[in-house]
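Here is how names work: the chains are called A, B, and so on, in the same order as the sequence lines, proteins then strands, and each is numbered from 1.
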Amino acid sequence: MHKSIKFILNGLFCQILVSQRGFYRSRGGRNRSRNARAWHDTPEMASGSTESTEDRSQFRNRPPRGLRGREIGIHYRNLSLRKRGVDLARSDGSRERGERWPNRRQAEEEQLRKKLTVTLDQRRAERISAMLAETEGQTVAAGFKYHEIGESEFKRRFLQNLEGNLKGRSPPFEPMVQDIELDDSLKLDLKRKQMDFRYIKMKQDRAKLPAADKRAEVVDAVRENQVVVISGETGCGKTTQVPQFILDDAIERGQGSLCRIICTQPRRISAVSIAQRVAEERSEKLGKSVGYQIRLECALPRQQGCILYCTTGILLQFLQSDPNLKLTTHIVIDEIHEQDILSDFILTIVKDLLPRRPDLKVILMSATLNAESFSKYYHNCPMIHIPGFTHPVTVYHLEDVLKFTDFKIEGKANKRPIWTNYTRDGKERKVANMKYEEMMGPFLRHLKSKGYPEHVIQSLSLPESEEMNMELITALIRYICQSQPEGAILVFLPGWDQISKLHKMVTESSFFSKSNFLVLPLHSQMPTINQKEIFLRPPTGVRKIIIATNIAETSITIDDVVYVIDSGKIKMKNYNVEDNLQTLLPEWVSFANAKQRRGRAGRVRPGVCYHLFSQRREMELANYPIPEMLRSRLDEVILQVKILQLGKVKPFLAKVMQPPNPIAVENALQLLNVLNALDEDENLTPLGFHLAQLPMDPQLGKMILMASLFRCLDPVLSIAASLSFKDPFNLPLGCEKKVDKQKFELSRGQKSDHLVLSEAVRLWEQADATGDGGRFCWTNFLSSSILVMIRRMKGQLAEHLMRMKFVDSTDPKDPNLNINSKNYALIKAVVCAGLYPNIAVLTKVRREKKVLRTATERRVALHPKSVNNFPETFESVLFVYHLKLKSAMVYLHDTSMVFPMPLLFFGSSLRQLRQEQTLVTMDQFEFRCSQQTADLIMELRRRLDSLLEYKITHPHTTDWNSNLAEKSLIQAIVELISTEDKTPYCVSDFEDDSD
DNA sequence: GAGCACTGC
């Protein structure tokens, strides 16, 4: 009995046909023990096992993790007392920290347990039992008796479906056959063009590009080698010219019909604008020999004798239906020096592909700086360098800026309270300061000999000279405005905060009058991004000052910039492998970033760049940023590896030019296993197969599959699309509070950031239908361009669901798919079903700040933008989140309060423990409920799991009127989920001012 | 009490 319950109740979407033994190993062994450790042992580590913790820390000579302030002092005192053989318990009568904590932890656990109670009143329980009894004996689908099918039979059936599904995918092109007629007409067309006035004019301009001189060299190299690396700086014309050289050469040789070039770009805008530019150069319209394709938008070229500019992601999608790229003759991968996940991934795939496609030509295009490493990676393939053309840029460093502005940096070291010297931070700072002195000593002597003024030497001797200093930046801007010829100024800052601060300082200063200065912030989330002002030349006498993030480094180009101020800092998303935690922290820029920023000054005429770091610091900068693959979670990449059938994940990812940390791979594999996307042998499960095809992370994919089943598609598509794309809310300067309030209004008291998203999208769609979308965006601080994208993404996702046979309409708003779309509790439950295991528990409220706990962190906070900062009472302590990111502290960026019931249905490993005590446990949580409730939930869960199993392995849409079993099961669960105990917990229940 | 930048048939 026990065994069968465990088997039946394994996780959501479980892959039943995995052998029982294997299943146990996976769930009960690796994953559960990992989770259990995470939840239960964390407090213990900090409290119970005092001895081992302290022993270990003695070894490392650092205090145990989690100690703060005074606790660290006590720790060191106890350590030294113990070293001297003093018995702590008797020395002063005070208790050790380790003794005090277990009681508190226990109390905390107990308090929490009380709050995880599932109640179900008698009447409702009876009603649901009756609903189920009515359909007793019916199966979810005729002929499907899942337990009777053996493993191999199941796999056979599923694989049939898999092939069937893949067949529905259309390849990007038709197979290629030489078309002699076309060859001739292309040749003739090219000859005719050479008489065309527009073409000749364009040709003259093209001839001025540095790339023009290299045409013969490029064409020969490509003809003679399978892989060629072309290096060159921006402005050399390689992106627009190289594909044309290849195509024109083929046409001239009378083989135009045998040439199909795909050129990938990392950004959507560049794919489109480059294609437009190239079409213009060929005096054609888009769609003849040149076209583009990006997500949700394309202007395809003709089938043969053509160049297609597309984003890297599109090429990756092509690979799914055309794994050997049989339909392409040339692959040009541009901007590979940026080393984003997708381009590194494609480079690895293409390298594997070369022996299978000896006729495929690969052209890799990179900035000069690290072109060599790519050539090396491709077995020392030949390199061609194209010199760039930009106007000269004069470069200054911090020492020069201090000299020009006469600015003096003040030290703060002496003002710091003395006790900080004894904290861990203080000690680290001391070491850092010593290192700084060591580094700067010789350099400062060098500066002195060069005649730099004393105040510069003084300032630079302080480590504080390397901190962000807005006063210094303001002084520098002022210096430029007073003493330098006209021209726009571009300031690079790490983030929103600094932009906001500098913007305030500059606009409030009387020096920068509105009539003489145009100060514009530039940040992806500020509404200014769509304003034309940034690109327009200001009237004479007005100086344009743009305060930007690294968005102005590559994505947005402002031509009239003459002066660049580089703060030298950049915010980078990073991934801490040990803690399985994503971070977003400011860092020094890499040398490549600094060079790129510098280049932004010389686009129209000679420019000047001021780096706010010393020449000495510049020597310490890393050459390049760390490749994105080493800074990211890998779950989506791994699903791609699997769906493209590239073999085992670890050996494949080890082939990447700079391979990711194996622990990062392991973390992602474990998550995919918990989500039931991969089995323990790394095979795609039926669910994994569907998730890998959806253009979003697996958790969001799971969310929309559940939404189609529970018939609340439209709102959940809105949520999934915004979470996977961008937050549609703007962050205008100075309106922060108003935005928060507006969002809270939209939340309708539902305590969910996710419902804010679906409401915002829904109301905008409504307003937009009557032509009122613009005004709606304005009053609600929304970005209409992001909303437009979200709406189109929803349509695309619905198409995916249709192709996967989960829905029978491509309209997200189809009434049949939205029967439950007004049921907020259900929507939150479906969000929970997708985002699981991202669960946090509210543990206490301190000074109106909510403190939560996750599986791996003892303390996390709600991000201040969350609507859940407002309410004072919560009816449940459980929260589900999508993004957890460490910046100033570990923040949950988006949360929804959920009740225990959805977790019981959509979490993993529901088990009934100690039946006599009627406890239902799932993972780390224990939920108390009556025997009757427990039985009912267990029965429903069992039926839900087998319905899901069936749905996933046999995708089909159901007409609810003809399938009562499915309808009544879903409705029973909907009823349970949407009628929860609404007794609110007061914030005061969690008040706790100790610690 | 705070939000680098990209991308997906």
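Across all strands, His523(A) comes closer than 4.0 Å only to sugar-phosphate atoms, never to a base (heavy-atom distances). Note on Met793(A): nothing from the nucleic acid sits closer than 4.0 angstrom, heavy atoms only. Using a 4.0 Å heavy-atom distance criterion, Gln796(A) is classed as a sugar-phosphate-only contact. As judged by a 4.0 angstrom heavy-atom cut-off over every strand, Ile570(A) is placed among residues making no nucleic acid contact. As judged by a 4.0 angstrom heavy-atom cut-off over every strand, Arg295(A) is placed among the base-contacting residues. Among the heavy atoms of the strands lying under 4.0 Å from Ile314(A) are primed sugar atoms or P, OP1, OP2 only; no base atom is included. Among the protein residues, Lys569(A) comes within range of no part of the nucleic acid, since none of its heavy atoms lies under 4.0 Å from any strand. Residue-level contact check: Ile341(A) touches neither bases nor backbone, having no heavy atom under 4.0 Å from any strand. Looking at heavy-atom distances under 4.0 Å, Thr554(A) makes no contact with the nucleic acid at all. Across all strands shown, Asp340(A) has no heavy atoms under 4.0 Å from either base or sugar-phosphate atoms.
Shown here are the side-chain contact (heavy atoms from CB on, under 4.5 Å) partners of Ala677(A), two or more places apart in sequence or in another chain: Leu639(A), Leu672(A), Leu691(A).
Evaluation of atom-type donor-acceptor distances gives a pair under 3.5 Å for the side chain of Glu636(A) against the base of dG8(B). Between the side chain of Asn869(A) and the base of dG1(B), no donor-acceptor pair of N or O atoms lies under 3.5 Å. At a cut-off of 3.5 angstrom, the base of dG3(B) holds at least one donor-acceptor pair with the side chain of Asp497(A).
Under 4.0 angstrom from either OP1 or OP2 of dA5(B) there lies no side-chain N or O belonging to Lys571(A). A close approach under 4.0 Å does occur between a side-chain nitrogen or oxygen of Arg268(A) and OP1 or OP2 of dG8(B). Proximity of Lys573(A) to the phosphate of dA5(B): no side-chain N or O atom is located under 4.0 Å from OP1 or OP2.
Shown here is Leu585(A), whose CG atom has more than 12 heavy atoms of other residues, nucleotides or ligands within 6.0 Å.
Applying the side-chain hydrogen bond (donor to acceptor under 3.5 Å, both in side chains) definition to pairs two or more places apart or across chains, those involving residues 718-735 of chain A are Ser718(A)-Lys794(A).
Of the candidate nucleotides dC6(B), dG3(B), dG8(B), dG3(B) has the atom lying nearest to any side-chain atom of Tyr891(A).
The nearest heavy atom of DNA chain B to Ser887(A) and to Pro266(A) marks one nucleotide each, and the one closer to the 5' end goes with Ser887(A).
Aromatic rings from Phe781(A) and Phe729(A) are positioned such that their centres are separated by 6.0 Å or more.
Between His611(A) and Phe613(A), the ring planes are parallel. Angles under 30° get that label, and only those over 60° would be called perpendicular.
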